[in-house]
Colleague: 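Pasting a structure here, questions to come.
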Amino acid sequence: MVIISASGINKSFGIEKILEQVSFHINEGDRIGIIGDNGAGKSTLLSIIAGQLSPDAGGLFISSQVELGYLKQNDNFSSENTVYQEMLSIFSETIAMEKEMHRLSSLISHKSSERADIKELLLEYDALMEAFERKGGFSYQSEIRGILSSMAFPEEYFEKKISTLSGGERTRLALASLLLKKPGVLLLDEPTNHLDISAKEVFEDALLDFPGTVLIVSHDRYLLNKIPTRILEMTGEGIESYLGGYDYYIEKKQSISSGRSYLEELGKITAVDGNQANGSGASAQSSKEARIEARKKAKEEEAKKRRRQRELAEIEARITSLEEEIRRLEEEMCTEKVYSDHQLSASYSLKLEEAKVDLDAAYEQWAELHESFPK
């Protein structure tokens, strides 16, 4: 299922063009390495996907059912927090619920003789308890300890201040923080820059265990061979996609380069032979006809591209509408009015199933249309 797609994205800073006609799509579960020369716009592209920058032109589609986690080159930790406090801050809503449960429990124990008040408090406490359980309220502290341990932070680190950590430790802590938030997509910008060999191994193992989608901007060849299953190369003409890791990308590039050199050389020989056989007048006429034909084909392709872009926009609008409809139905099915009425609940279940089928069909249609765009 396609969860992120871009079509014709442009981005400039002043007069400097950073991204031009960038188009790609990302399926759920993809592990992608983004490479390119310095200044090719790799970090800019991640910032646009993360919503921290807006493109100047083009379209970006991100499924509303996907949550993004962005690991930048510089973290936003509070230097005065300890390691454990920083991780606890992720669960601020859960902790607030826990405090409210303690408050209600105390009120209930003090109002044991006032039955009417106790009944209302018990109902409120039960509802809060259910919400607390759904958010993993009874396990968040063990989750923190487990993630910190997996990222090579022993317990003696828990009370260390962020300001005392090295660059590599902060990077590992930033990934731990992201993993605790459980995003569906990780966006990683040069994640191994400050890591030593042992820290890299810990980091890579965590990424291999991550069940979602991963996009990595990196110059680390070992990382790009170990994690990605697809390489996106950013060039001045957009993006080229290669299945496999970095070594396969290099092999494929060399094969393409060799083939292109052969065809160019063959073209030169053919052109010389043609000129000798037909004379300069015939060659000029042939060149003119070729230019006319090339312009005609270019116009036809541009018209096809505009038509596909309109169709793509219509499908994306339908996907958004269906996702909103599914969310609305799911919320209403949780209300007492619906779940207490068997017939109404069955009707909602049918509508929800139809909407999900329509959404899957829309995603397939979108993917087919995107694949038909000229590469």
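Positions are given from 1, in the same order as the sequence printed here.
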Colleague: How close do Ala50 and Tyr70 get, counting heavy atoms only, and between which atoms?
Modeller: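 Smallest interatomic distance, heavy atoms only, reads CB-CD2, 3.5 Å.
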Colleague: Using only atom types and a distance under 3.5 Å, with no angle test, would you say the side chain of Ser47 pairs donor to acceptor with the backbone of Ser43?
Modeller: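 Side chain of Ser47 to backbone of Ser43, a donor-acceptor pair under 3.5 Å: yes, one is there.
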Colleague: Please identify which of these residues, Ile49, Val185, Ile3, meets the side chain to side chain contact (heavy atoms under 4.5 Å, CB included) condition with Ile62.
Modeller: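 Single side chain to side chain contact (heavy atoms under 4.5 Å, CB included) partner of Ile62 among Ile49, Val185, Ile3: Ile49.
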Colleague: Quick check for you: to the nearest 0.5 Å, what is the distance between Asn27 atom CG and Ile4 atom CD1?
Modeller: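 Asn27 atom CG to Ile4 atom CD1 measures 10.5 Å (nearest 0.5 Å).
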Colleague: State, with a plain yes or no, whether a side-chain heavy atom of Ser241 is found less than 4.5 Å away from one of Leu232.
Modeller: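 Side chain of Ser241 against side chain of Leu232, heavy atoms only: contact under 4.5 Å found.
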Colleague: With a 4.0 Å cut-off on N to O distance, would you call Arg221 and Asp247 a salt bridge?
Modeller: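 Result for this pair is yes, salt bridge flagged.
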Colleague: Please identify each residue that fulfils side-chain hydrogen bond (donor to acceptor under 3.5 Å, both in side chains) with Tyr348, with sequence neighbours left out.
Modeller: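 Per chain and number, Tyr348 pairs via side-chain hydrogen bond (donor to acceptor under 3.5 Å, both in side chains) with Glu332.
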Colleague: Would you tell me whether Glu155 and Tyr84 have side-chain atoms, one donor and one acceptor, within less than 3.5 Å of each other?
Modeller: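 There is no such pair between these side chains.
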Colleague: Answer yes or no: is there a donor N or O on one side and an acceptor on the other, between the side chain of Glu169 and the main chain of Ser166, under 3.5 Å?
Modeller: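 Yes: the side chain of Glu169 pairs with the backbone of Ser166.
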Colleague: Is there a donor-acceptor pair closer than 3.5 Å between any side-chain N or O of Asp56 and the backbone N or O of Ser12?
Modeller: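 Yes; at least one donor-acceptor contact below 3.5 Å.
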Colleague: Does the distance from a Lys or Arg side-chain N to an Asp or Glu carboxylate O, for Glu353 and Lys356, drop under 4.0 Å?
Modeller: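 Judged by the 4.0 Å cut-off on N to carboxylate O distance, Glu353 and Lys356 do not form a salt bridge.
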Colleague: Roughly how far, to the nearest 0.5 Å, is the CE atom of Met87 from the CG atom of Asn81?
Modeller: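 Rounded to the nearest 0.5 Å, the CG-CE separation comes out at 9.0 Å.
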Colleague: According to ring pair (Phe, Tyr, Trp, His ring centres under 6.0 Å), who are the partners of Phe153, at least two apart in sequence or on a separate chain?
Modeller: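 Partners of Phe153 by the ring pair (Phe, Tyr, Trp, His ring centres under 6.0 Å) criterion, ordered by chain and then number, come out as Tyr157.
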Colleague: Mind checking what makes salt bridge (charged side-chain N to carboxylate O under 4.0 Å, His left out) contact with Asp37, not counting sequence neighbours?
Modeller: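 Partners of Asp37 under the salt bridge (charged side-chain N to carboxylate O under 4.0 Å, His left out) test: none.
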Colleague: Using every non-hydrogen atom in the two residues, find where Gly244 and Ile231 come nearest and quote the distance to one decimal.
Modeller: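 Closest heavy-atom pair between Gly244 and Ile231: O-CG1, 3.5 Å.
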Colleague: May I ask you to test the Thr213-Ile26 pair for a side-chain heavy-atom distance under 4.5 Å?
Modeller: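 Yes; the side chains approach each other to less than 4.5 Å.
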Colleague: Which heavy atom in Ile35 sits nearest to a heavy atom in Ser218, and how many Å separate them?
Modeller: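 Here Ile35 and Ser218 meet closest at CG2-O, 4.1 Å.
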Colleague: Salt bridge (Lys or Arg N to Asp or Glu O under 4.0 Å) between Glu354 and Lys351: does it pass, once the steps are laid out?
Modeller: CA-CA 5 Å; Glu354 288 174 348; Lys351 288 179 182 177; over 6 Å; no
Colleague: Taking all heavy atoms of Leu19 and all of Gly41, pick out the closest pair and write down the distance.
Modeller: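 Where Leu19 meets Gly41 most closely, the heavy atoms are CD2-O, 3.6 Å.
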Colleague: Pick one: which of Leu71, Leu207, Leu215 meets side chain to side chain contact (heavy atoms under 4.5 Å, CB included) with Leu186?
Modeller: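 One option only clears the test, and that one is Leu207.
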Colleague: Is Met129 close to Phe138 at the side-chain level, that is, under 4.5 Å between some pair of heavy atoms?
Modeller: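 In short, these two side chains touch, coming nearer than 4.5 Å.
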Colleague: State whether the number of non-hydrogen atoms from other residues, nucleotides or ligands found under 6.0 Å of Ile197 atom CD1 is greater than 12.
Modeller: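 Not buried by this count: 12 neighbours or fewer within 6.0 Å.
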Colleague: Using the test ring pair (Phe, Tyr, Trp, His ring centres under 6.0 Å), find all partners of Tyr222 that sit at least two apart in sequence or belong to another chain.
Modeller: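 Checked Tyr222 against ring pair (Phe, Tyr, Trp, His ring centres under 6.0 Å); zero matches.
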Colleague: Could you check whether any side-chain N or O of Thr82 sits under 3.5 Å from a backbone N or O of Gln85, counting only pairs where one atom can act as donor and the other as acceptor?
Modeller: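 The answer is yes, because a donor-acceptor pair under 3.5 Å joins these two groups.
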Colleague: Who are the side-chain hydrogen bond (donor to acceptor under 3.5 Å, both in side chains) partners of Asp30, not counting sequence neighbours?
Modeller: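 Partners of Asp30 under the side-chain hydrogen bond (donor to acceptor under 3.5 Å, both in side chains) test: Arg230.
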Colleague: Could I get the full list of salt bridge (charged side-chain N to carboxylate O under 4.0 Å, His left out) partners for Lys182, not counting sequence neighbours?
Modeller: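 Residues passing salt bridge (charged side-chain N to carboxylate O under 4.0 Å, His left out) with Lys182: Glu143.
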